[in-house]
Colleague: 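Quick one: structure below, then a few questions.
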Amino acid sequence: MNRNYRAFIELGQTLAEGKGLRWDIPLDDKGIAQDGVGWNLTACVADVPPPTYYLRDLGADSKALAILNMERASNGLEPLHSKPLSAGWQDIIKAAVAEQLLFKRNTTAHVYKHIVRPLRVIATCVGKEPWQLNLDDLHTAIQVGKAIQASGKLGDLVVAIVKVVFDAHHVCDAGQMYPTLDVTRLPVRRSKSKHTMSEDELRANLEERKRAERLPERRAFWELVRIVMTEKPRTFMDELRFAAIRAMVISGFRIGEAALLPVDWKRERVYVDSKGQPAGEIGGISTSLMLRHFAEKQQSEESDSRILRENTQPVPDMFRQLLTETLDRVAQLTQPLRDTLKLQCETGRLLPWYRENDVVPFIELYTRVTGNPIWLDIDCSSFLERYRKTFDPSVLQELHQYQNKNYGRESSKLDMAVYMFGNRLQKQMQNGETVVWFRNAGGAPIARDRRMSWGDTYLNVGELEEHIRATTPTKVSDMAPLSTENGAIQSWEFLFLQPKRSLVEERNEGICDITRCMAVSRPDPLFIGYALGDATRIPSLFERYGATDEDRVRSINSHSLRHLQNTELFRLGVADTIISKRFNRRSVAQSYEYDHRSLAEELDQIEIPHEVEIILGEKSGTVARMIKAGKANGPIVDAFRRIQSAEGDSAAFEYLRVEADGFHATPYGHCLNSFTVDPCPKHLECFANCRHLSATDLPENRQNLKRLEGKFKAAIETIKSRPTTSLGWKNQMDHAERRLAGVQKLLVTAPGERVFPDGVDLSTTKRSGVLDD
């Protein structure tokens, strides 16, 4: 144990002590906290559940252990068993959690998933203490992490832990290990394009988009638009999902920004002239609509990532009516839930419609607790059909009144779900698992083993509330406020409120009575993510509403909608400063990370005089735009600039019209040379010192060059393995080495720059002499 490790542990202990966290967590024989809680990470930072994250598992990672045991079995070794990690590993996990959560103020989800998990994987894979780790140990853990998750994400998190924990705090005796790991990290977002080119295909036009895999797949996007714009939602929750996705398509919001839209979202700005008259009367705009929201990724390095930061986004006039109708409709639909949640927040009660000592009929409370409006065994298909057409709460009121009117008749009986709910509650009473007692109308307790007449059975409201809090916390509404820069926002002030765990609708194909349901959930991004296909076990909107079998298996990444809108704004010529402002970015450079225009679309935004464009024609006009954008270099470009400087634009464009009749997008870069008479004399072997070649930043070009580099290296190794003094051997080696050097030089050349400015002009043929054949 070294002093750096001890210092890191002491830091963690100090931070934990400041929050009243017990450092020594008693564990069972598998490493689980004996009290079932350990550290409540959500509570210790005053975060708002759900979800709630705990640090209570300080044993071996089960999936990593399974992979290790498979390898041990193949080697004839005894399997390892789950047990608590060593004291050294427990301490470093707790210290890392305390430092990341309480000092760096990262979110609980990040700490739980990206800090605790990879540390437990490393601890499971090695039989050493943290300060004794070496590169071999880390490589083993990385390989196991990659084996656990096919995407490679967990293995990448193990690599990240080396950087942010072990190297950052100088924990290991071996020193800084991250720079020497030599492991390729995953990109920020790694998606496989659905239209990848085969190995022999070459890029032959200008239509290829940069990093096109980050855009939504075309058919999936249009199918999603068709669903949310034209299909009739079958459930109340689907109505909310449709609205949220429509808002994302219009605004380009991140999934969390869309989910947490406030009900008070509408902001209007009025514009007047110097005389106070509406600007629209003199050709301007009188009013504009702004969308209030809580923007993500706005915090600085030292700020709290859990704080919501308010911002506004202008709504284009073409989308103003659609967005207003969509969000106003959501506000209207969720108003009953909002009223319930507001009443609960103000009273701190789960059933605020009653006093705590009230005795209420069991069948009335059944709907309050479960959300199921059907408690009588009747044919209610007409009510269900009417409600699903408009989701009008008045239909639920009619259904309730209809059941009350028919209850008590000889032929009437309660729905089977009511009996099941009551019988489960009675068993809990008989087993002593609840404080609830069944009572008569006067409030007197009924014997727990007595056969119940549910219509004459009552419950004490205070007892039922205590029972729900103790045994069914998932039915407790999300009443805690969220912190913002300007104070706090209450849960009922959000737009997309939902019935919490609405199993009757989401699982049992019924409907939920949002006017009586006591469990209300604050919006969560998962309800949008699941709709787009993030979870295979939960049907997506594609699966439920897709037009064809092919469409029903599609999915879409929510963030790709943001990439799409960003690219479209660039394509339509919107200034990068306006785009950056729209998406709450702090620098213009961030917007270009979301720019996936093809080169042709970028060149369309370069303006040249209309009369010049007509004279030049399509190909020469393309070359003129590339020159103006600084994306082309070569002899023609140099001559164009000399003529432009000496004789003016007209002469330069006339030269370009004659000379630049051919623009070529090769597999390795751009070529500006006329091949009208003869084709390329080197058959597009541009990397062989051709002066017309200019580099690009297109990933397809770099992929081709990387492949060539590998082939040339392999060829050189093969040639070296067969040493000889023959002339042919030397020629082969010289040819391969020159080609490899050309490829490597092209890979390091800046986009738009010539790779071989003093190279050979391969477009000119050598004049034949009198002695030549």
Side-chain angles (χ1 to χ4, degrees), residues 19 21 25 32-33 35-58 61-62 93-94 96-98 100-102 104-120 149 153-154 157 237 240-241 244 254-261 294 296-297 304-308 337 341 344-345 350 468-484 488-492 494-503 506-507 518-532 534-538 558:
K19 285 293 183 177
L21 298 174
I25 303 176
I32 308 295
D35 62 359
V37 176
W39 287 2
N40 186 329
L41 304 183
T42 303
C44 77
V45 294
D47 205 354
V48 180
T52 301
Y53 294 100
Y54 299 90
L55 175 62
R56 56 187 171 197
D57 190 349
L58 292 173
D61 184 89
S62 58
I93 290 174
K94 288 181 283 190
V97 168
Q100 290 284 323
L101 193 64
L102 305 177
K104 292 193 173 180
R105 289 183 284 188
N106 284 320
T107 63
T108 50
H110 169 80
V111 172
Y112 181 80
K113 298 174 183 177
H114 299 161
I115 302 297
V116 176
R117 180 80 190 280
L119 281 173
R120 290 180 58 220
Q149 289 184 352
K153 177 65 175 178
L154 184 55
L157 291 176
M237 287 297 296
L240 299 186
R241 294 183 181 108
R254 296 181 179 89
I255 189 171
E257 294 170 341
L260 290 180
L261 278 176
F294 296 103
E296 296 181 351
K297 297 188 177 181
D304 194 333
S305 60
R306 300 184 301 271
I307 299 293
L308 298 180
L337 295 171
L341 188 54
Q344 290 175 329
C345 290
L350 301 184
I468 293 170
R469 292 185 188 276
T471 64
T472 321
T474 54
K475 280 291 185 180
V476 177
S477 296
D478 299 335
M479 292 184 276
L482 296 182
S483 299
T484 71
I489 180 171
Q490 300 296 328
S491 293
W492 50 267
F494 289 103
L495 180 64
F496 288 100
L497 296 180
Q498 309 152 21
K500 195 170 187 179
R501 288 194 69 217
S502 178
L503 300 181
E506 294 287 277
R507 186 186 66 185
M518 55 156 272
V520 184
S521 174
R522 192 183 66 241
D524 189 309
L526 291 178
F527 96 99
I528 303 176
Y530 291 159
L532 298 177
D534 284 356
T536 56
R537 67 185 187 279
I538 299 176
S558 64

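The shown structure was predicted, so the numbers you read here are calculated from the model rather than taken from an experiment.
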Colleague: Do Leu341 and Met479 have side-chain heavy atoms sitting under 4.5 Å apart?
Modeller: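 Yes, their side chains come closer than 4.5 Å.
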Colleague: Check this for me, if you would: do Glu506 and Arg241 make a salt bridge, where the nitrogen-to-carboxylate-oxygen distance has to be below 4.0 angstrom?
Modeller: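 Salt bridge between Glu506 and Arg241, a charged N being under 4.0 Å from a carboxylate O: yes.
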Colleague: Kindly say whether Val520 contributes a backbone atom to a donor-acceptor pair with the side chain of Ser477 at under 3.5 angstrom?
Modeller: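 Yes.
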Colleague: Just wondering, do Ser483 and Leu308 contact through their side chains at under 4.5 Å, heavy atoms?
Modeller: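 Contact flag for Leu308/Ser483 side chains = no.
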Colleague: Could you check whether any side-chain heavy atom of Leu55 comes within less than 4.5 Å of a side-chain heavy atom of Ile93, counting everything from C-beta outward?
Modeller: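 When only atoms from C-beta onward are counted, Ile93 and Leu55 do touch, with a gap below 4.5 Å.
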Colleague: Between Thr474 and Thr472, does a side-chain contact (heavy atoms from CB on, under 4.5 Å) hold up when you go through it step by step?
Modeller: CA-CA 5 Å; Thr474 54; Thr472 321; 3.9 Å; yes
Colleague: Please report the interatomic distance CG(Leu21) to NZ(Lys19), rounded to the nearest 0.5 Å.
Modeller: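 If I round to the nearest 0.5 Å, the distance is 8.5 Å.
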Colleague: Just checking, any donor-acceptor pair under 3.5 angstrom between side chains of Arg522 and Ser491?
Modeller: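 Checked: Arg522/Ser491 side chains show no N/O donor-acceptor pair below 3.5 Å.
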Colleague: Is there a side-chain contact between Phe494 and Leu261, using heavy atoms and a 4.5 Å cut-off?
Modeller: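 They are not in side-chain contact.
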Colleague: Checking Arg254 now: which residues fulfil salt bridge (charged side-chain N to carboxylate O under 4.0 Å, His left out) with it, not counting sequence neighbours?
Modeller: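 Listed in chain order: Glu257.
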Colleague: Kindly indicate, with the supporting measurements, whether the criterion side-chain contact (heavy atoms from CB on, under 4.5 Å) is fulfilled by Arg105 and Gln100.
Modeller: CA-CA 6 Å; Arg105 289 183 284 188; Gln100 290 284 323; over 6 Å; no
Colleague: Can you tell me if NZ on Lys475 sees more than 12 non-hydrogen neighbours from other groups inside 6.0 Å?
Modeller: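 Atom NZ in Lys475 is crowded, with more than 12 foreign heavy atoms closer than 6.0 Å.
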Colleague: What do you reckon, is CZ of Phe527 surrounded by more than 12 foreign heavy atoms closer than 6.0 Å?
Modeller: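 Check passes, neighbour count above 12.
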